[in-house]
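Worksheet: one structure, shown below.
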Number of protein chains: 2
Amino acid sequence: MLTDRQLLILQVIIDDFIESAHPVGSRAISKKDEINFSAATIRNVMADLEEMGYLVKTHSSSGRVPSEKGYRYYVDHVIGPTIDNRNLNIMKDLIHGEFIEFEKLVQKSAEVLSDLTNYTSIILGPEVFETKVKQLQIVTLTDHSAVAILVTDTGHVEHRSFTIPAEISPSDLEKIVNILNERLKGVSLARLPELLTTEVVSLMRKYVQDFEKSFNYLQSAFFQEQPVKLYFGGKTNLLNQPEFTDVNKIRSFYQMMENEDQVVNLLKTSQHGIKVTIGNENKIEEIKDFSLITASYQFGSEKMGTIALIGPTRMEYRKVITLLNALSNEMTDALYLWYKNNG
Amino acid sequence: MLTDRQLLILQVIIDDFIESAHPVGSRAISKKDEINFSAATIRNVMADLEEMGYLVKTHSSSGRVPSEKGYRYYVDHVIGPTIDNRNLNIMKDLIHGEFIEFEKLVQKSAEVLSDLTNYTSIILGPEVFETKVKQLQIVTLTDHSAVAILVTDTGHVEHRSFTIPAEISPSDLEKIVNILNERLKGVSLARLPELLTTEVVSLMRKYVQDFEKSFNYLQSAFFQEQPVKLYFGGKTNLLNQPEFTDVNKIRSFYQMMENEDQVVNLLKTSQHGIKVTIGNENKIEEIKDFSLITASYQFGSEKMGTIALIGPTRMEYRKVITLLNALSNEMTDALYLWYKNNG
DNA sequence: TGTTAGCACTCTCGAATGTCGAGTGCTAAT
DNA sequence: ATTAGCACTCGACATTCGAGAGTGCTAACA
């Protein structure tokens, strides 16, 4: 456990380093308003903090830099709720603006978030488990090709084109669509695969010739797992950070970000609430120098998606956490309102 | 005009520099198989070429590097059609594979192109002037919101959601859609706006109450100009190029690339056939160190879109031009076949 | 006993200097 | 016209050096 003084000095050092990105020396600390000890005293404390692992030196006679353990302690124990009204208002205005498609809102949120922080924002989702099928349709393009369109009650449109196997006749296809529409309208997407294999199958068996093939085909063409959508903001922001000088580091980072599956995985594991992952706490090699802050937004108790910010370990945790917290609440609210008005 | 020998040496220097990225010295040149002069002779020729502006020195006693004028001469006069069968076959296989949506093919092409070249590929379009309306539909979500869906005969699906103004009743909306569907089915997208304002307007005036508002609204919501789509491949490839070391340069380049409008403009101006833009010939400040090669693909005589590669001025022009030429032909062919089979 | 001033020491950073090698231009010989 | 030879130039790289920032330790102090 840290003494009050140790805590104070740790905090001041981290705050200073977050702002300046330069190692912090005892003299600079002693000059701060909130500090009333001499540089020598501070040196003693710093030596203690270093021994405990909260600070490190870049070389034997340099100032101190926070270690990952230091950041962790800072995030867990030092940060109180800080409210930055100006930024929060920007976000509220954004969310309460007119929107019909949730996706537009999400994209905009990602941009605002990255603009406000100068880091890179990633938003995952919303996952559409709770959204319901509004309409299902198959438009035939030619004798052997067609496009299936699924509209949800959130205004989301999924489409997939496929070739029609020779075994399926146009009239069969029409029947299939009719059946699907009748039985699936209003069903939540989460229950789709289940319903498809139970109720619908039996119905189709009754009316559609050669049904097995049709069914298998349709299922694979249209109801295979939907890719979750990713929205980015400020992809180039990190290039402004002073720690981002090595081209190899830049390359490995951006190559990682290009791999959407990997990014989705990174965000998907996040639990409810805010989660801070600092440096080596990240499992992915390429971002072991970065910190990742994630927050989820929900509908009811159902997790809908994840908002995340990625930046250097020297991150403005206080600001970022406040902002992410607020945005996740706003999005949760917006989602609730949306359903209330439209559902 | 250059003598044969000058031409030969210019070519060898450029080829060497393209491969090595290092200034080329007279000694190195003299050792090449195709060169039978001594280093001293070559030095004289190099001095001539420099005087004429085709080569520059990086400092007073360095080897020579091609100038932009040098590259220009190389591209205009030196490059003959070179055929790299292996790469061309990869592309043919790609194009002749099964595809229904043209967009999937385009995305895949972009990826293959960047993989084969190690530069960044950008594909614009296809612009959908010639594609025809297959079906038009409006799905109402709630009393005051709906989503309009347009399916083209190419399997492309456009959708846009909008709020329904209070003045328009659900039955009116339905009538509108019926009319639109009846009159617009099979119409090419290029003629859409025109038809909308002539034929359809009069029909709608007849059947739909309060039609003016409906019409204006619908037009603005759905038929406003569609953004042209961009496909990228190998966005991080350029980070592997040795000239890409300065973080500022990297940043300004990627920021430029994030601005889709700008990129679209860059590619849109391109005429038919292959066009090479070297360094300062580019109008956009951020890519004055790069070369851009564009090629268009067509349907009939109608230009459909643009394929482009962007890389350092030290680019493998020969390979790139061959590849781009081939891909644009393949895409043009594919497009033709597509319409023949489906149209 | 906790705090502080003082001081010797350490290490980085940038400027200055020296050396090496690649490459050139010029001249004279072929 | 071509080439060998040679003096010269310049960048790349290593080395040295001093300044400055910062530390740890010790002894004096409240």
Side-chain angles (χ1 to χ4, degrees), chain A residues 1-10 12-17 19-67 70 242-243 245-247, chain B residues 2-10 12-17 19-67 70 242-243 245-246:
Chain A
M1 197 52 199
L2 296 184
T3 66
D4 284 355
R5 181 193 290 173
Q6 287 172 329
L7 193 62
L8 173 65
I9 290 184
L10 178 62
V12 172
I13 290 176
I14 294 186
D15 283 339
D16 189 281
F17 183 71
E19 196 191 323
S20 72
H22 294 300
V24 186
S26 55
R27 221 179 100 83
I29 297 294
S30 73
K31 281 191 181 150
K32 306 242 171 202
D33 286 346
E34 62 266 50
I35 302 290
N36 294 314
F37 320 104
S38 75
T41 309
I42 291 166
R43 282 202 283 282
N44 291 328
V45 178
M46 282 164 102
D48 293 344
L49 287 170
E50 183 173 5
E51 211 170 329
M52 288 186 274
Y54 297 110
L55 297 177
V56 288
K57 286 192 274 199
T58 59
H59 58 89
S60 74
S61 74
S62 75
R64 302 307 207 287
V65 160
S67 67
E243 33 270 281
T245 46
D246 180 23
V247 182
Chain B
L2 297 184
T3 66
D4 284 356
R5 183 194 288 173
Q6 287 171 330
L7 193 62
L8 172 66
I9 290 185
L10 177 61
V12 171
I13 290 177
I14 295 186
D15 283 339
D16 189 282
F17 182 71
E19 195 191 323
S20 72
H22 294 299
V24 186
S26 55
R27 220 180 100 83
I29 297 293
S30 73
K31 282 191 181 151
K32 305 241 173 203
D33 285 347
E34 62 265 50
I35 302 289
N36 294 312
F37 321 105
S38 76
T41 309
I42 292 166
R43 281 203 283 281
N44 290 328
V45 178
M46 283 163 101
D48 293 345
L49 287 170
E50 182 173 6
E51 211 170 327
M52 289 185 274
Y54 296 110
L55 297 177
V56 288
K57 286 192 273 198
T58 59
H59 58 89
S60 74
S61 75
S62 75
R64 302 306 206 287
V65 160
S67 67
E243 31 270 283
T245 47
D246 180 22

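Residue numbers begin at 1 in each chain, while the letters A, B, ... track the order of the sequences. As the structure is a computational prediction, the values presented were derived from the model and not from experiment. Hydrogens, waters and symmetry mates are skipped; everything else that's a heavy atom, side chains included, is used.
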Any heavy-atom pair between the side chains of A:L8 and A:I35 that's under 4.5 Å?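 Yes, close enough: below the 4.5 Å cut-off.
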Write down the distance between [atom1] ([X]) and [atom2] ([N]), rounded to a whole number of angstrom.
| X | N | atom1 | atom2 | result |
| --- | --- | --- | --- | --- |
| A:I42 | D:dT23 | CD1 | P | 10 Å |
| A:L49 | D:dG24 | CG | P | 12 Å |
| A:E50 | D:dC25 | CD | P | 11 Å |
| A:D48 | D:dG24 | CG | P | 10 Å |
| B:R27 | D:dT3 | CZ | P | 15 Å |
| B:R5 | D:dT2 | CZ | C1' | 8 Å |
| A:N36 | C:dT3 | CG | C1' | 13 Å |
| A:I29 | D:dA21 | CD1 | C1' | 14 Å |

Are more than 12 heavy atoms from other residues, nucleotides or ligands located less than 6.0 Å from atom CD of B:E19?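 Result for CD/B:E19: open.
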Check this for me: A:E51, atom CD, are more than 12 non-hydrogen atoms of other residues, nucleotides or ligands nearer than 6.0 Å? no
Among [options], the one nearest [X] by side-chain distance:
| X | options | value |
| --- | --- | --- |
| A:S38 | C:dT24, C:dA5, C:dT3 | C:dA5 |
| B:K57 | C:dG6, C:dT24, D:dT3 | C:dT24 |
| B:S26 | D:dC10, C:dT24, C:dG2 | C:dT24 |
| B:M46 | C:dT24, C:dG2, D:dT3 | C:dT24 |
| B:N44 | C:dA5, D:dT3, C:dG25 | D:dT3 |

Is any side-chain N or O of [X] closer than 4.0 Å to OP1 or OP2 of [N]?
| X | N | value |
| --- | --- | --- |
| A:S61 | C:dC9 | no |
| B:R43 | C:dT27 | no |
| B:R64 | C:dG25 | yes |
| B:S62 | D:dC10 | no |

Between the side chain of A:S67 and the main-chain N/O of A:G53, is any donor-acceptor distance below 3.5 Å?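 Side chain of A:S67 to backbone of A:G53: a pair is present.
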Contact summary for A:F37 and A:I42, nearest pair of heavy atoms: O-CD1, 4.0 Å
DNA chain D: 5'-proximal contact among B:T41 and B:T58 (nearest heavy atom):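 Looking at DNA chain D, the more 5' nearest nucleotide goes with B:T41.
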When you match B:H59 and A:A40 each to their closest nucleotide on DNA chain D, which lands nearer the 5' end?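 So the residue in question is B:H59.
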